[in-house]
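Notes for the one structure printed next.
In what follows, chains are A, B, ... by sequence order, proteins preceding strands, each numbered from 1.
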Number of protein chains: 2
Amino acid sequence: MVKITDVARHAGVSPSTVSYALSGKRPISAETRERIEASIRELGYRPHAGARALASSRSNVLALVVPFRSGIHVPVVMQFAVSVVTTARQHDHDVLLLTQEEGEEGLRRVADTALVDALIVMDVQLHDARLPLLRALDRPSVLIGFPAEPAGLTCIDLDFAAAGGACVTHLAELGHRCVALVGSPPEVYLRRTGFAQRVTQGFTAAADERGLTSTVHPCEATPAAAQAMAERLLREHPELTGVVVHNEPVVQPLIEAFRRLGLRVPEDLSVVAICPDELAEQAPLPISSVAVPTARIGARAVELLMRKLDGLEVPEATMLPPWLTRRATTAPRGG
Amino acid sequence: MVKITDVARHAGVSPSTVSYALSGKRPISAETRERIEASIRELGYRPHAGARALASSRSNVLALVVPFRSGIHVPVVMQFAVSVVTTARQHDHDVLLLTQEEGEEGLRRVADTALVDALIVMDVQLHDARLPLLRALDRPSVLIGFPAEPAGLTCIDLDFAAAGGACVTHLAELGHRCVALVGSPPEVYLRRTGFAQRVTQGFTAAADERGLTSTVHPCEATPAAAQAMAERLLREHPELTGVVVHNEPVVQPLIEAFRRLGLRVPEDLSVVAICPDELAEQAPLPISSVAVPTARIGARAVELLMRKLDGLEVPEATMLPPWLTRRATTAPRGG
DNA sequence: TGATCAAGTCGAATCGCTTCGACCACGAGA
DNA sequence: TCTCGTGGTCGAAGCGATTCGACTTGATCA
């Protein structure tokens with residue numbers, strides 16, 4: 001293995017000069033720097049991560065805690081993960097993957113052993129058991145999702161309440177008077193996951209404000225559940241003309257179920273989803289939707305973390321505004 | 001931060017004794033060990049990962065390279081990842097997440113900087129550009145999937161050829177005489193990904209052997225493509241009664257498309273899939289399938305790696321035998 | 001009664017890098 | 001002319017573990 005002293009000898013300088021040339025923390029003459037860079041290339045030098053971490057007390061590794069429980073949509077998690085990794089690399093950091101299962105002990109472990117410099121936590125519950133730990137930890141963290149009490153933490157997410165509201169507004173402007181929200185599976189509500197509740201709040205508030213009739217229905221993430229839900233909605237709310245879906249796996253099956261029940265989409269029934277754009281775009285009939293901007297959220301989370309690592313202040317709450325794209329599944333009521 | 005010397009002082013022993021008590025590499029009297037463990041608990045000591053890596057030249061971190069390209073089924077990737085992380089933790093290792101995008105340079109980087117001890121690579125192509133590098137690297141690796149030339153590497157995967165064959169055998173034993181394979185998207189074949197080709201080979205060979213009429217059809221991973229595929233199959237092969245699907249997102253849509261075209265499943269048409277059991281089980285009509293045992297493969301990959309890290313010999317090729325579970329989508333021909 | 005050996009412990013070297021303080025040379029300002 | 005600051009470099013002291021050799025002690029065996 002070639003080490004920094006080898007490079008130094010080869011370039012005719014001291015090890016510290018090589019280090020400074022690499023880090024840029026002290027000025028090095030252009031001439032010397034070039035000589036060093038040439039030696040590095042020639043010898044194929046790579047700084048030893050462990051040694052670097054020991055000496056600098058920076059590992060240049062971020063922890064990412066991913067959920068893998070029922071009720072969460074796996075492709076969305078993966079999109080977050082990929083965008084976190086990609087962005088981290090742009091900032092010269094790597095990403096250590098932790099599962100929710102490891103729990104608090106896992107977080108403490110990677111933080112206390114200095115294996116990671118900072119943490120990103122996904123799928124935060126309203127009263128998440130990990131919050132006290134994250135607040136107490138000596139390492140910075142960013143939560144994707146909002147707990148009930150975000151004070152003292154850095155959180156980022158789509159503004160799900162506004163997203164729910166935007167869907168209602170869209171339907172209301174198209175003349176719809178009776179709307180329903182088909183939401184996440186019941187266990188997600190039981191776990192008291194923030195985004196599910198916020199969508200409901202935004203949805204209900206906007207409907208009330210505009211005087212629409214509205215109902216909310218959690219729904220299992222299976223085609224069979226979608227079918228049952230469609231039947232139930234038509235039975236219980238015959239005057240229903242607008243549906244908001246916040247449950248990725250169910251969007252398409254639900255539309256198909258309504259069709260089977262004899263309703264045309266969007267002529268008889270408008271459907272608007274809250275889901276990643278990819279999913280909305282590549283449906284057979286492109287779906288009007290509020291985007292869940294996974295890539296932006298992941299990238300932003302990393303950037304917030306980098307700023308915190310640099311000792312800079314960052315906002316405690318970052319709520320990305322919703323953006324509704326009208327596609328083929330919404331139309332004016334009765335037309 | 002509390003370090004090993006603090007523990008040593010507190011327990012009245014030397015640092016090396018603490019180290020040996022922790023690693024078990026030299027005998028330590030029970031009494032001393034208990035004293036040390038008490039001190040560790042009391043002081044809340046955690047060995048510094050970087051220091052440990054530097055001194056022992058072991059980081060206790062594994063790299064996992066995940067694909068995120070079109071044509072691969074994201075939930076399957078996630079299942080692998082979770083099982084790799086879980087198993088790695090059981091062996092006191094962590095997992096660093098790399099994306100395919102980082103390419104060879106990424107592999108070289110984490111290996112050369114000693115950031116990781118070993119690598120797991122998913123989604124291996126038949127003539128993967130990374131193979132020479134993996135062979136040359138001084139760190140052990142395991143591939144999930146088989147390249148054309150696996151010599152000198154350690155590979156593990158489901159025996160996809162046998163899986164294709166098992167599906168045909170199952171259909172043949174039910175009396176079917178004309179079968180079709182609906183496979184992965186065309187780009188997967190174009191990339192020359194091993195498993196796609198192997199399924200085809202096994203499928204065709206088994207059909208030939210038993211004198212069945214057979215055809216093979218790559219298929220985009222969308223509901224619309226599934227619909228088109230169903231129509232085309234019925235048009236071009238009116239005598240078709242058995243379909244093998246190796247394309248997760250399309251399984252369910254394809255069955256629905258056949259139904260819409262007036263075929264009853266399984267009475268008129270038997271369908272057998274190659275997919276994770278979860279997907280087959282939770283379909284509205286449970287699907288007869290050969291399992292893709294993601295959890296087992298991931299766990300096994302880690303165990304192979306651990307053995308290699310311990311300097312033990314491991315088999316170059318590990319092919320898990322297919323296991324077909326008959327569920328509700330296959331029935332005797334004409335029955 | 002030594003010689004031998006294993007168990008149990010210690011001290012010191014080492015892993016490869018970063019960083020701090022010091023030093024030199026040189027141009028600018030007084 | 002003397003200082004002062006600054007660009008550029010070096011040497012040495014860590015960072016916090018692991019590991020190797022050596023030492024003590026007591027038991028075992030001839």
**Asked** Among side-chain atoms of A:Ser29 and A:Thr32, is any donor-acceptor pair under 3.5 angstrom?
**Response** yes

**Prompt:** Rounded to whole angstrom units, what separation is found between the CG atom of B:Asp117 and the C1' atom of D:dT18?
**Reply:** 15 Å

**Relative orientation of the end axes in the helix from C:dT1-D:dA30 to C:dA30-D:dT1, expressed as an angle to the nearest 10° (five pairs per end)** = 40°

**Complete:** The side-chain hydrogen bond (donor to acceptor under 3.5 Å, both in side chains) partners of A:Thr17 (sequence neighbours excluded) come to A:Ser14

**Message:** Strictly below 4.0 Å, N to O, side chains only: are B:Glu102 and B:Arg109 in salt-bridge contact?
**Reply:** yes

**Complete:** Whether each nucleotide of nucleotides 13-20 of chain C has a protein heavy atom under 4.0 Å at its base (B), only at its sugar-phosphate (S) or at neither (-) is summarised, 5' to 3', as --BBBSBB

**Euclidean distance, atom CD1 of residue B:Ile28 to atom P of C:dA6 [Å, nearest integer]** = 17 Å

**Value in whole Å for how far the P atom of D:dA17 lies from CD1 of B:Ile40** = 10 Å

**Message:** Using a heavy-atom cut-off of 4.0 Å across all strands, would you classify B:Thr32 as base, sugar-phosphate, or nothing?
**Reply:** sugar-phosphate

**Request:** Could you pull out all residues at least two apart from B:Ala55 that satisfy side chain to side chain contact (heavy atoms under 4.5 Å, CB included)?
**Result:** none

Using atom types as modelled, flag every donor-acceptor pair under 3.5 Å from a side chain in residues 117-124 of chain B to any protein atom, sequence neighbours excluded.
residue: B:Asp117; atom: OD1; partner: B:Ser59; partner atom: N; Å: 2.8
residue: B:Asp117; atom: OD1; partner: B:Ser59; partner atom: OG; Å: 3.2
residue: B:Asp117; atom: OD2; partner: B:Ser59; partner atom: N; Å: 3.2
residue: B:Asp117; atom: OD2; partner: B:Asn60; partner atom: N; Å: 2.7
residue: B:Asp123; atom: OD2; partner: B:Arg69; partner atom: NH2; Å: 2.9
residue: B:Asp123; atom: OD2; partner: B:Gln100; partner atom: NE2; Å: 3.2

**Asked** Are B:Thr154 and B:Glu316 close enough that a side-chain donor and a side-chain acceptor fall under 3.5 Å?
**Response** no

**Request:** Output all residues satisfying side-chain hydrogen bond (donor to acceptor under 3.5 Å, both in side chains) with B:Arg139, sequence neighbours left out; order by chain, then residue number.
**Result:** none

**Asked** Would you say the side chain of A:Arg41 lies within less than 4.5 Å of the side chain of A:Glu37, judging by non-hydrogen atoms?
**Response** yes

